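As the structure lists them, so they are numbered: ligands from 1, and atoms in each ligand from 1. Predicted model only: the values in this text are computed from it and were never measured.
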Amino acid sequence: MYTPCDIVDKDSVRIHNFIGGEFVPPIGGKYLDNIEPATGQPYSLVPDSDSRDVERAVDAAEKAFATWSRTPAAERSSILLRIAELIDRDLDKFARAESIDTGKPLSLARGLDIPRASSNFRFFATAILHTENEAHVTDGLAFNYTLRQPRGIAGLISPWNLPLYLLSWKIAPAIAVGNTAVAKPSELTPMTALLLAEVCHEAGLPAGVLNIVQGTGPNVGSPITAHPKIGTISFTGGTVTGRKVAEACAPLFKKVSLELGGKNPNIIFADADLDAAIAGSVRSSFANQGQVCLCGSRVFVERPAYAEFVGRFIEKASQLRVGDPLETGTDQGAIVSKTQLDKVKFYVDLARQEGGEIALGGSAPAPPNDRCKNGYFFPPTVITGLPVACRVNREEIFGPVITITPFDREDEVIGYANDTEYGLASSVWTQNLNRAHRMAEQIHSGTVWVNCWLVRDLRVPFGGMKQSGVGREGGEEALRFFTEPKNVCIAKN
Ligand code: NDP
């Protein structure tokens with residue numbers, strides 16, 4: 001029996017996988033450096049697991065399924081509630097780990113990521129106590145009812161930007177309805193998944209119900225999507241990876257949910273409450289260093305308000321403090337990795353080549369302190385003067401970089417909003433209710449926020465259109481995704 005991680009030296013630990021209720025090293029004995037983005041230095045070792053570890057996790061999940069799938073909902077519910085309580089109890093520990101792993105400000109991890117993770121468990125723990133099954137009476141012939149049964153082993157793959165928030169958004173509904181799971185966090189951000197495993201262990205989650213296999217996409221993600229015994233795949237990540245996942249799942253006819261990238265429009269009409277629109281837009285542009293799939297990276301402003309909006313937006317955005325994620329008062333932490341930082345820089349250079357003007361930011365800031373002298377920092381960056389159809393306005397950057405473009409007419413901005421392969425989310429700021437309804441109807445995105453951003457009710461369907469994904473998460477949609485509806489038809493004599 002291993003502990004959750006081994007101490008390597010005073011600055012580093014070696015993380016273990018969580019399989020069959022035990023903390024175990026990867027079978028191949030290989031590890032990858034886990035780098036703290038704020039310092040650019042490795043601070044732990046993450047298992048570089050492979051298909052053998054996935055196989056072991058599938059065995060454990062298969063064994064656990066027989067009992068867990070028959071465990072009464074009330075019992076499953078109370079274990080999930082206990083997990084939520086323990087996450088809340090350990091809020092500081094989780095938040096610090098998330099901040100160190102991702103580079104996001106500690107205050108954000110503490111105020112958003114970790115509370116949302118415990119809410120995910122609490123939400124689905126109680127949701128399963130209030131489900132209803134449909135019944136259909138077929139004239140005088142038969143009585144039908146629908147059994148919704150757990151599907152078996154679910155493969156759950158999540159990205160690095162909101163590690164525990166998104167992983168728990170999958171784990172909670174999957175196991176709440178009686179599935180068992182093999183989960184893979186991003187290799188860049190393994191730490192809170194490890195802490196979650198500890199909490200699940202302490203909460204009394206039976207061995208094998210949740211298995212966490214750490215490692216890379218090719219070595220762990222791919223064997224999960226290809227495994228014949230994993231019939232359900234819930235994936236959140238980039239569109240290119242999503243396509244690979246879809247290709248792996250299609251021949252095996254797996255049930256798949258894909259939550260992918262976005263290039264979300266944020267539309268401000270001249271009649272909007274500009275104070276609210278500016279505050280909301282600064283947040284939707286730069287929250288988590290712009291590394292939220294829902295960030296509004298293309299801002300469109302109706303021409304009469306354009307000059308005032310741009311001036312006041314830049315003033316407010318320039319007040320965001322780029323700093324050490326662990327320090328109080330930091331608004332913008334580090335970018336998650338050197339690769340991601342290089343991608344952000346590439347797109348800012350491309351914006352210049354495409355004729356854009358850098359109205360704010362655009363180059364790496366001075367390091368916030370000595371500890372962070374090698375960290376991956378980039379300031380809030382605003383680009384104006386770009387055509388709507390250029391690459392910077394079409395491709396997902398996933399960093400603190402936005403464009404602002406003026407428009408004159410409603411139909412024109414609807415065309416701009418929809419002029420992308422993506423369709424994840426959008427925001428519209430206006431005081432004209434009829435216009436808000438018209439816009440909501442015509443924008444091609446899975447979510448349309450009106451006069452707000454990132455207001456999330458866990459009961460609503462969440463997901464994307466076009467290349468932003470297939471399927472929906474959240475509330476009833478998630479409960480349905482992770483169960484198989486079976487029609488039972490009883491003849492009436
Ligand atoms: P990636 O697509 O690179 O990775 C997502 C996950 O998939 C990671 O755990 C990754 O592993 C794994 N993976 C990589 N290759 C494979 C493969 N061949 N088979 C199975 N799994 C694989 O996304 P990022 O981690 O870079 O996250 C950023 C992206 O996620 C952005 O595009 C963003 O828009 C999107 N996203 C979408 C959300 C939504 O709800 N629609 C929410 C949040 C983010 P590893 O990284 O360890 O190699």
Side-chain angles (χ1 to χ4, degrees), residues 15 32-35 46-51 54 101-102 104 113 116 155-170 182-191 193 212-227 230 233-249 254 256-264 287-297 335-337 339-344 395-399 420-425 445-447 454 456 461-474 477-478:
I15 293 172
L32 302 160
D33 279 339
N34 181 23
I35 292 177
V46 55
D48 186 7
S49 312
D50 60 33
S51 56
V54 172
D101 242 6
T102 58
K104 70 178 67 203
D113 293 70
R116 172 58 192 274
L156 313 174
I157 301 176
S158 59
W160 46 259
N161 63 327
L162 303 164
L164 191 66
Y165 177 131
L166 291 175
L167 194 62
S168 57
W169 184 229
K170 298 183 185 306
V182 177
K184 188 201 102 57
S186 169
E187 101 229 15
L188 299 178
T189 53
M191 207 45 111
I212 296 177
V213 185
Q214 306 267 11
T216 65
N219 291 344
V220 176
S222 192
I224 289 176
T225 56
H227 202 291
I230 302 181
I233 297 286
S234 176
F235 170 86
T236 299
T239 296
V240 172
T241 320
R243 196 167 287 124
K244 288 187 198 155
V245 171
E247 280 166 12
C249 292
K254 296 191 179 198
V256 185
S257 159
L258 301 170
E259 299 293 341
L260 309 177
K263 190 74 185 173
N264 309 307
N288 201 36
Q289 297 74 247
Q291 302 167 129
V292 180
C293 53
L294 303 166
C295 274
S297 50
I335 305 291
V336 73
S337 66
T339 311
Q340 193 63 21
L341 178 65
D342 290 344
K343 183 177 173 199
V344 168
E395 296 173 17
E396 187 185 42
I397 302 173
F398 218 55
T420 157
E421 293 174 339
Y422 296 107
L424 188 56
S445 65
T447 297
L454 206 63
R456 294 280 296 119
F462 176 83
M465 297 168 70
K466 303 195 279 186
Q467 301 208 8
S468 286
V470 177
R472 292 291 181 271
E473 297 187 315
E477 302 280 344

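Contact between Gly215 and ligand 1 is present, with at least one heavy atom of the residue lying under 4.0 Å from the ligand. Ligand 1 has no atom lying under 4.0 Å from any heavy atom of Gly469.
Nearest to atom 46 (O) of ligand 1 among the protein's heavy atoms is Ser186 OG, 3.4 Å. Annotation: atom 38 (C) of ligand 1 to nearest protein heavy atom, Cys293 SG, 3.0 Å. From the protein, the heavy atom lying nearest to atom 32 (O) of ligand 1 is Glu396 OE1, 2.6 Å. Scanning the protein heavy atoms around atom 18 (N) of ligand 1, the nearest turns out to be Lys244 CD, 4.0 Å. Taking atom 27 (O) of ligand 1 as the reference point, the nearest protein heavy-atom neighbour is Pro159 CB, 3.2 Å. The closest protein non-hydrogen atom to atom 35 (C) of ligand 1 is Gly237 O, 3.1 Å. The nearest protein atom to atom 45 (P) of ligand 1, hydrogens excluded, is given as Glu187 OE1, 3.1 Å; this is a heavy-atom distance. Atom 20 (C) of ligand 1 has Gly221 C, 3.3 Å as its closest protein atom, hydrogens excluded (heavy atom only).
One N or O on the side chain of Asn264 and one on the backbone of Cys293 form a donor-acceptor pair closer than 3.5 Å. Lys263 places a side-chain N or O within donor-acceptor distance of the main-chain N or O of Glu395, the cut-off being under 3.5 Å. With Lys184 contributing its side chain and Val54 its backbone, the two residues share no donor-acceptor pair below 3.5 Å. In this structure a side-chain-to-backbone donor-acceptor pair under 3.5 Å is present from Thr239 to Gln467. Here the side chain of Asp101 pairs a donor or acceptor atom with the backbone of Met191 at under 3.5 angstrom. In this structure, the side chain of Ser222 does not engage the main chain of Asn219 through any donor-acceptor pair within 3.5 Å. Side chain of Lys170 to backbone of Ile233: no donor-acceptor contact under 3.5 angstrom is found. A donor-acceptor pair under 3.5 Å is formed between the side chain of Ser168 and the backbone N or O of Leu164. Within the 3.5 Å criterion, the main-chain N or O of Val213 finds no donor-acceptor partner in the side chain of Ser49. Without hydrogens or angle criteria, Ser468 side chain to Gly261 main chain gives a donor-acceptor distance under 3.5 Å.
Interface atoms of ligand 1 facing Leu424, defined by a heavy-atom separation under 4.0 Å, are 41 (N). Atoms of ligand 1 lying under 4.0 Å from any heavy atom of Leu260, numbered from 1 in the order shown and given with element: 34 (O), 37 (C), 38 (C), 39 (C), 41 (N). Set against the non-hydrogen atoms of Asn161, the atoms of ligand 1 under 4.0 Å away are 43 (C), 44 (C). Listed by number with element, the atoms of ligand 1 under 4.0 angstrom from any heavy atom of Thr216 are 47 (O), 48 (O). Per-residue contacts place Ile157 under 4.0 angstrom from the following atoms of ligand 1 (heavy atoms of the residue considered): 6 (C), 7 (O), 9 (O), 12 (C), 20 (C), 21 (N). Below 4.0 Å from some heavy atom of Ser222 lie the following atoms of ligand 1, by number and element: 19 (N), 20 (C). Which parts of ligand 1 touch Leu166 is read off a 4.0 Å heavy-atom cut-off, strictly below it: atoms 42 (C), 43 (C).
Side-chain contact between Leu294 and Leu454 is present, with heavy atoms from C-beta onward closer than 4.5 Å.
For atom 15 (N) of ligand 1, the nearest non-hydrogen atom from the set Thr339, Ile224, Thr241 comes from Thr241. The option with the heavy atom closest to atom 5 (C) of ligand 1, from among Ile397, Thr236, Val336, is Thr236. For atom 33 (C) of ligand 1, the candidate residues are Phe235, Phe462, Phe398; the nearest heavy-atom contact is made by Phe398.
For the salt bridge (Lys or Arg N to Asp or Glu O under 4.0 Å) test, no residue two or more places apart in sequence or in another chain qualifies with Asp33. Take Ser445 and apply the side chain to side chain donor-acceptor pair (under 3.5 Å) test, not counting sequence neighbours, and it matches Ser426.
Contact annotation: for Ser158 versus ligand 1, heavy atoms closer than 4.0 Å belong to the backbone alone.
Taking distance alone, with nitrogen or oxygen atoms compared against 3.5 Å, Trp160 approaches ligand 1 more closely than that limit. Of the polar atoms of Lys184, at least one N or O is found under 3.5 Å from an N or O of ligand 1, judged by distance alone. Here's the thing with Gly217: one of its N/O atoms is less than 3.5 angstrom from an N/O atom of ligand 1. Ligand 1 has no nitrogen or oxygen under 3.5 angstrom from a nitrogen or oxygen of Ser468.
The existence of a salt bridge linking Arg472 and Glu259 is excluded, since no basic side-chain nitrogen approaches an acidic carboxylate oxygen closer than 4.0 Å.
Asn161 and Asn288 share no donor-acceptor pair across their side chains, judged by distance under 3.5 Å alone.
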